[in-house]
Amino acid sequence: KVKEYIYCKLDPWLRGECKSHCNLHEWKRTTWRPEGFSVFADEDDEAAGDVDNEGELQGDSIPTTKVQNSANVSTKKKTFYVSKGNNWEMISEMMQGMGWEMMPFESNGTGAHLTWVERRKDIDYVRLRSGQAANHIQNNDILTSKVGLLKTLREADRLLMKFKRTGKWSSETNAEYGEWLLPSDEVMPLTLNMALPSDRLVLLDEVEKDEGSVWVVKPPSNNQGHGVYFVSGKAAADKLSGRGMQAGEVKQLNEEKTDAPNPSENGETQEGAAPKQAAMPPAIKPCVVQRYVDPPQLLNGGYKWDNRCFLLVARTKPLIALFHPGYARVCLDKWSPPQAPGADGEIILDRTAHMTNLSVARGHPEYSQRKEETVLPMPEVAHRLQAAGTVDEMWLQQKWTVGCKKLLRAALGATLPHKLHSRSGCFDLFGADIIADQQGKPSLIEINSNPA
């Protein structure tokens with residue numbers, strides 16, 4: 001019965017099929033039809049329907065390992081390489097269950113048909129050939145880094161503003177997918193990059209209007225909740241924006257800008273070196289500041305939760321993405337409003353009540369006894385919210401799932417037409433964290449690479 005509610009399944013893609021399995025949703029594009037095979041298809045099948053896509057890297061196919069089956073018929077066996085970490089055994093078991101041969105760890109994946117690793121730097125994109133696949137798009141950080149996602153959504157803001165002003169899209173692709181785009185403030189809570197002077201001014205202005213607003217400060221590259229803290233008030237805004245710098249620090253900053261060589265027309269300095277970037281005030285640490293969703297929607301009589309859903313980008317040209325509703329992450333301690341900040345603006349709070357990260361939950365003293373409470377299937381979340389009178393029986397399918405897809409379409413639409421690299425064989429599995437406010441409105445918090 002659950003299968004009735006899964007619009008796009010990963011199983012056909014893993015079997016080597018590339019076609020729609022949804023009775024309600026056909027392929028969107030009419031100018032392109034998939035050749036019927038994914039990167040996991042058998043090579044004999046691919047030979048019957050392989051199509052070269054314009055703009056994708058082409059190369060020599062890698063050799064396959066021939067083995068004899070029980071009927072003494074020659075078949076081709078594909079190989080895969082998986083690096084240790086992030087539950088690699090699950091990938092290994094699945095691929096071997098489909099008849100693929102696992103390469104030893106010390107091989108580093110050289111020549112493998114499929115490479116599945118945690119870090120992009122472990123993939124040799126230069127030597128990737130037709131017939132090989134890798135589990136990361138080369139520049140996926142335009143979605144998976146906090147600064148990259150913010151920049152991508154803001155570029156969509158500019159496209160929407162131009163369309164509103166002129167009534168025309170910048171390209172045919174933007175015209176085709178323009179309906180996907182949303183203003184960034186409808187996708188995410190207000191998010192600011194403290195490396196940008198304009199964003200520092202916005203933070204000061206927002207705190208001036210609402211001094212009691214709470215903000216989440218995040219390092220630009222960490223994950224699993226590391227380095228995250230909460231602030232509120234003018235003292236924190238002054239510190240984050242550098243408004244409290246000493247006069248000597250301002251003088252030093254001005255001297256650095258004055259001494260910087262002028263770039264030439266080609267973007268290089270007169271000495272041939274890359275031009276200096278505008279320096280941040282010394283008191284400012286690189287970070288992203290995001291408005292805290294206060295209050296959030298609560299579950300089980302007072303526990304904060306969010307939805308870790310999944311987005312598989314099977315290819316980028318043309319864009320094919322599959323959505324999975326994922327699961328809910330639930331805090332182990334009851335949520336309570338953040339307390340007043342200290343003199344420096346930082347708020348000391350119970351992280352296991354305000355952060356849904358599973359890595360944070362593992363630090364709870366009762367985690368081993370209550371860990372089953374930290375992860376729930378979304379139908380169970382809907383059942384509990386309905387029992388509490390918070391939502392109706394159609395909330396999950398008609399409101400929440402639709403809303404989550406709308407947010408992720410907006411993020412993907414902002415990468416079009418050519419922001420995500422379109423190297424053949426590269427795909428990516430993203431984990432998106434989406435939270436509901438008190439009224440149940442979903443907001444995208446961030447997108448992660450290598451989701452658990």
* Asked: Are any side-chain N or O atoms of Asn307 and backbone N or O atoms of Pro325, one a donor and one an acceptor, separated by less than 3.5 Å?
  -> yes
* To do: Nearest 0.5 Å please: distance from the CG atom of Asp428 over to the CZ atom of Arg120.
  => 9.0 Å
* Structure fact -> Smallest heavy-atom separation, Leu407 atom then Leu444 atom, equals CD1-N, 3.7 Å
* To do: Check whether any side-chain heavy atom of Ile123 sits under 4.5 Å from a side-chain heavy atom of Asn135, and report yes or no.
  => yes
* **Any donor-acceptor pair under 3.5 Å from Arg423 side chain to Gln138 backbone** => no
* Show the numbers, then the answer: is there a ring pair (Phe, Tyr, Trp, His ring centres under 6.0 Å) between Trp116 and Trp100? => CA-CA 13 Å; Trp116 190 291; Trp100 289 50; over 10 Å; no
* Asked: Just checking, is any N or O donor in the side chain of Asn357 or Arg329 under 3.5 Å from an acceptor N or O on the other one?
  -> no
* Asked: Is Arg127 atom CZ crowded by more than 12 heavy atoms from other residues, nucleotides or ligands, each under 6.0 Å away?
  -> no
* Please say whether more than 12 non-hydrogen atoms of neighbouring residues, nucleotides or ligands are located less than 6.0 Å from CD in Gln339. => no
* Would a distance-only check, ignoring hydrogens and angles, find a side-chain to backbone donor-acceptor pair under 3.5 Å from Ser443 to Ile435? -> no
* Could you walk me through whether Asp185 and Leu190 pass side-chain contact (heavy atoms from CB on, under 4.5 Å), step by step? => CA-CA 6 Å; Asp185 60 359; Leu190 178 60; 6.0 Å; no
* Should Lys371 and Ser368 count as side-chain neighbours, where that means a heavy-atom distance under 4.5 Å? -> no
* Just by distance, do the side chain of His113 and the backbone of Ala133 share a donor-acceptor pair under 3.5 Å? -> no
* Shortest non-hydrogen contact between Thr356 and Lys304, atoms and distance -> CG2-O, 4.1 Å
* Per the side chain to side chain contact (heavy atoms under 4.5 Å, CB included) rule, which among Ile137, Leu114, Val313, Ile320 passes with Phe427? -> Leu114
* **Stepwise side-chain contact (heavy atoms from CB on, under 4.5 Å) test for Leu312 and Phe310** => CA-CA 7 Å; Leu312 172 66; Phe310 297 95; over 6 Å; no
* Structure fact -> Taking every heavy atom of Val187 against every heavy atom of Ala410, the minimum-distance pair comes out as CG2-CB, 3.9 Å
* Can you find a heavy atom in the side chain of Phe230 that is under 4.5 Å from one in the side chain of Pro338? -> no
* **Under 3.5 Å side-chain donor-acceptor pair for His421 and Tyr125** => no
* Asked: Is Lys419 atom NZ crowded by more than 12 heavy atoms from other residues, nucleotides or ligands, each under 6.0 Å away?
  -> yes
* Nearest heavy-atom pair of Trp88 and Met102: which atoms, and what distance? -> CZ3-CE, 3.7 Å
* Asked: With Asp433, which of Lys146, Arg308, Lys218 fulfils salt bridge (charged side-chain N to carboxylate O under 4.0 Å, His left out)?
  -> Arg308
* To do: Identify the two heavy atoms, one from Pro451 and one from Leu429, that lie closest to each other, and give their separation to 0.1 Å.
  => CD-O, 3.3 Å
* Return yes when atom CD of Glu93 has more than 12 non-hydrogen atoms of other residues, nucleotides or ligands closer than 6.0 Å, and no otherwise. => no
* Is the number of heavy atoms from other residues, nucleotides or ligands under 6.0 Å of Glu89 CD greater than 12? -> yes
* Take Val381 and Trp400 through the side-chain contact (heavy atoms from CB on, under 4.5 Å) test and state the conclusion after the steps. => CA-CA 11 Å; Val381 171; Trp400 183 257; over 6 Å; no
* At their closest point, which heavy atom of Ser232 faces which heavy atom of Pro341, and how far apart are they? -> O-CG, 3.6 Å
* Asked: Can Gln290 and Glu446 be said to form a side-chain contact (heavy atoms from CB on, under 4.5 Å), step by step?
  -> CA-CA 10 Å; Gln290 189 173 70; Glu446 60 187 26; over 6 Å; no
* **Asp141 (side chain) donor-acceptor with Thr144 (main chain) under 3.5 angstrom** => no
